[in-house]
Amino acid sequence: MRAWQVAELDEPLDAMRLVDVDDPRPGPRQLVVKVLASPANFPDVLMCRGEYQVKPELPFTPGVELCGEVVAIGEDVSGFVVGDRVLGGGVLPYGGFAELALLDTATTFPAPPELDDAEASSLYIGYQTGWFGLHRRAALREGETLLVHAAAGGVGTAAIQLGKEVGARVIGVVGGSEKAAVARKLGADVVVDRREQDFVEVVRDETGGRGADVIYDPVGGETYQRSTKCVAFEGRILVVGFAGGTIQSAALNHALVKNYSIVGLHWGLYNRLDPAAVADCHRDLCDLAARGAVRPLVSERLGLDEVADGVQRLADGTTVGRVVYVP
Ligand SMILES: NC(=O)c1ccc[n+]([C@@H]2O[C@H](COP(=O)([O-])OP(=O)(O)OC[C@H]3O[C@@H](n4cnc5c(N)ncnc54)[C@H](OP(=O)(O)O)[C@@H]3O)[C@@H](O)[C@H]2O)c1
């Protein structure tokens with residue numbers, strides 16, 4: 001089959017090569033799927049660079065989430081048959097940026113019929129991360145103020161939709177006017193273009209000086225440091241990622257003095273330590289998708305030969321929503 005492969009670590013555009021490789025074969029409790037869609041995620045970028053917490057053996061095919069049609073089934077598989085339309089996380093080295101991919105049944109779910117292939121492929125990592133972050137880790141409540149950084153990005157667009165669903169007031173921070181329009185259209189009540197405005201001032205103004213109750217931070221570094229200046233009494237800062245490239249340190253004396261919580265979020269760990277909660281989350285997300293409360297924002301559909309370019313643009317911070325490989 002044709003597949004993108006990373007054989008040497010580098011920036012995505014230099015690291016990824018389109019090559020012919022052997023088809024994957026399913027092991028026990030595994031499925032081979034024909035890839036129907038697979039979005040670029042920041043972890044794909046970090047894996048190309050060798051900077052992700054998961055360091056797959058080289059060579060590997062990136063594409064950490066996908067929607068596919070089951071074409072082969074391994075031993076000890078129940079609940080799936082050939083022809084099922086499913087979504088889940090690609091088992092490396094056979095990720096989603098290829099004609100075929102490998103899935104583990106433990107992290108494979110039915111794709112909701114209300115979403116097309118590209119949308120369904122994007123309902124997994126970003127939305128599950130938002131769901132666990134906002135509900136389980138930060139306990140976001142109706143009427144609270146939620147500040148979302150990188151609000152027009154993959155996880156950010158999901159966080160806006162999930163925050164609005166809870167009944168929170170959402171302030172989105174984005175880099176640029178095109179992204180601001182995207183965040184506004186998705187339902188953010190207030191949008192801050194970080195190139196033009198200081199989000200700390202806007203949050204203070206919008207909350208009468210109180211600050212944001214929950215801060216969803218996939219950017220880190222200076223963005224985190226500035227966030228501590230506008231977090232509310234008993235607020236929660238969710239440490240979601242470090243897309244800005246710097247891993248911050250926390251001043252715990254500041255957290256003590258201001259009574260806020262710094263809340264870590266590693267969604268992937270729930271797959272290992274609480275798989276039942278991941279299945280519950282998927283059911284809830286499908287219900288939300290069925291009633292139109294959430295809908296992944298697919299901004300571009302890429303052919304196979306365009307995938308490395310799309311992953312590089314994600315790395316460069318110029319994409320909105322999800323750019324998705326659709327064969
Ligand atoms: N904790 C978890 O379990 C978990 C799960 C999934 C993803 N993540 C993390 O969530 C983050 C976002 O992932 P994503 O796939 O949804 O990406 P994304 O948000 O679509 O893209 C990253 C965004 O970060 C912002 N950004 C700020 N400084 C940047 C810089 N120097 N370079 C690149 N981007 C920069 C840009 O938005 P603006 O220009 O609008 O600021 C950019 O669009 C990543 O750090 C990822 O690792 C964490």
Side-chain angles (χ1 to χ4, degrees), residues 1-74 82-105 107-108 111 117-118 120-122 124-126 154 243 268 298-319 322-327:
M1 67 165 177
R2 298 288 285 161
W4 284 95
Q5 239 189 19
V6 175
E8 281 181 50
L9 302 177
D10 208 329
E11 280 299 296
L13 202 53
D14 297 319
M16 292 172 65
R17 297 262 183 275
L18 189 54
V19 294
D20 288 310
V21 298
D22 291 341
D23 290 358
R25 288 158 49 146
R29 294 172 299 284
Q30 289 186 331
L31 310 166
V32 172
V33 295
K34 181 174 94 173
V35 177
L36 300 174
S38 180
N41 276 268
F42 220 82
D44 294 312
V45 172
L46 297 175
M47 277 194 281
C48 287
R49 293 175 178 161
E51 292 175 356
Y52 195 51
Q53 61 253 34
V54 176
K55 299 196 190 320
E57 218 173 283
L58 300 173
F60 69 94
T61 295
V64 290
E65 68 178 335
L66 60 105
C67 173
E69 181 189 323
V70 176
V71 293
I73 289 183
V82 168
D84 280 352
R85 182 172 169 266
V86 296
L87 62 84
V91 178
L92 302 187
Y94 292 107
F97 300 149
E99 290 172 329
L100 299 171
L102 198 57
L103 294 175
D104 260 326
T105 52
T107 51
T108 303
D117 295 339
S121 72
S122 310
Y124 187 50
I125 295 179
V298 175
S299 61
E300 294 177 64
R301 288 169 164 77
L302 308 175
L304 185 58
D305 56 343
E306 299 170 305
V307 171
D309 178 66
V311 180
Q312 185 63 53
R313 286 186 287 109
L314 173 67
D316 296 339
T318 58
T319 56
R322 288 284 175 222
V323 296
V324 184
Y325 154 54
V326 183

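Not measured: the values here are computed from a predicted model.
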Listed partners of [X] passing side chain to side chain contact (heavy atoms under 4.5 Å, CB included), at least two apart:
| X | answer |
| --- | --- |
| Pro327 | Tyr325 |
| Ala98 | Met1, Ala3, Thr61 |
| Arg301 | Asp116, Ala118, Val298, Val326 |
| Thr105 | Arg29, Leu31, Val77, Phe80 |

Would Ser122 and Val324 count as a side-chain contact (heavy atoms from CB on, under 4.5 Å) if you check the C-alpha gap in whole Å, the side-chain angles of each, and the deciding distance to 0.1 Å? CA-CA 8 Å; Ser122 310; Val324 184; 3.9 Å; yes
Taking every non-hydrogen atom, the tightest pair across [X] and [Y]:
| X | Y | result |
| --- | --- | --- |
| Pro12 | Val311 | CB-CG1, 3.7 Å |
| Gly27 | Gln30 | N-OE1, 2.8 Å |
| Gly63 | Leu66 | O-CD2, 4.4 Å |
| Leu9 | Met47 | CD2-O, 3.6 Å |
| Leu58 | Glu8 | CD1-CA, 4.4 Å |
| Ala315 | Val45 | CB-CG1, 3.5 Å |

Assess whether side-chain contact (heavy atoms from CB on, under 4.5 Å) is satisfied between Ser121 and Leu36, documenting all intermediate values. CA-CA 8 Å; Ser121 72; Leu36 300 174; over 6 Å; no
Pairs involving residues 83-99, ordered by first then second residue, that meet side chain to side chain donor-acceptor pair (under 3.5 Å) (sequence neighbours left out):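 Residue pairs with at least one partner in residues 83-99: Arg85-Asp117.
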Residue pairs meeting side chain to side chain donor-acceptor pair (under 3.5 Å), one or both in residues 32-47, sequence neighbours left out, come to Asn41-Glu65, Asn41-Arg322
To the nearest 0.5 Å, tell me how far [X] [atom1] sits from [Y] [atom2].
| X | Y | atom1 | atom2 | answer |
| --- | --- | --- | --- | --- |
| Leu87 | Ile125 | CG | CD1 | 10.5 Å |
| Cys48 | Met16 | SG | CE | 5.5 Å |
| Leu100 | Arg25 | CG | CZ | 13.0 Å |
| Lys55 | Phe60 | NZ | CZ | 10.5 Å |

Kindly write out the residues that satisfy salt bridge (charged side-chain N to carboxylate O under 4.0 Å, His left out) with Asp10, not counting sequence neighbours, or none if the list is empty.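 Here no residue qualifies.
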Counterpart residues, salt bridge (charged side-chain N to carboxylate O under 4.0 Å, His left out), relative to Asp22 (two or more places apart):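 Testing Asp22 for salt bridge (charged side-chain N to carboxylate O under 4.0 Å, His left out), a comparison that skips the adjacent residues, returns none.
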With sequence neighbours excluded, what pairs up with [X] under the side-chain hydrogen bond (donor to acceptor under 3.5 Å, both in side chains) test?
| X | value |
| --- | --- |
| Asp316 | Gln312 |
| Arg313 | Glu300, Asp309 |
| Arg17 | none |

Is it the case that over 12 heavy atoms from other parts of the model lie below 6.0 angstrom from the CD atom of Gln53?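 Yes, enclosed.
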Donor-acceptor pair, distance only, cut-off 3.5 Å: does the side chain of Trp4 make one with the backbone of Leu304? yes
Take Val70 and Val86, measure what side-chain contact (heavy atoms from CB on, under 4.5 Å) needs, and give me the verdict at the end. CA-CA 7 Å; Val70 176; Val86 296; 4.1 Å; yes
The criterion is ring pair (Phe, Tyr, Trp, His ring centres under 6.0 Å); which residues satisfy it with Phe42, sequence neighbours excluded?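 None.
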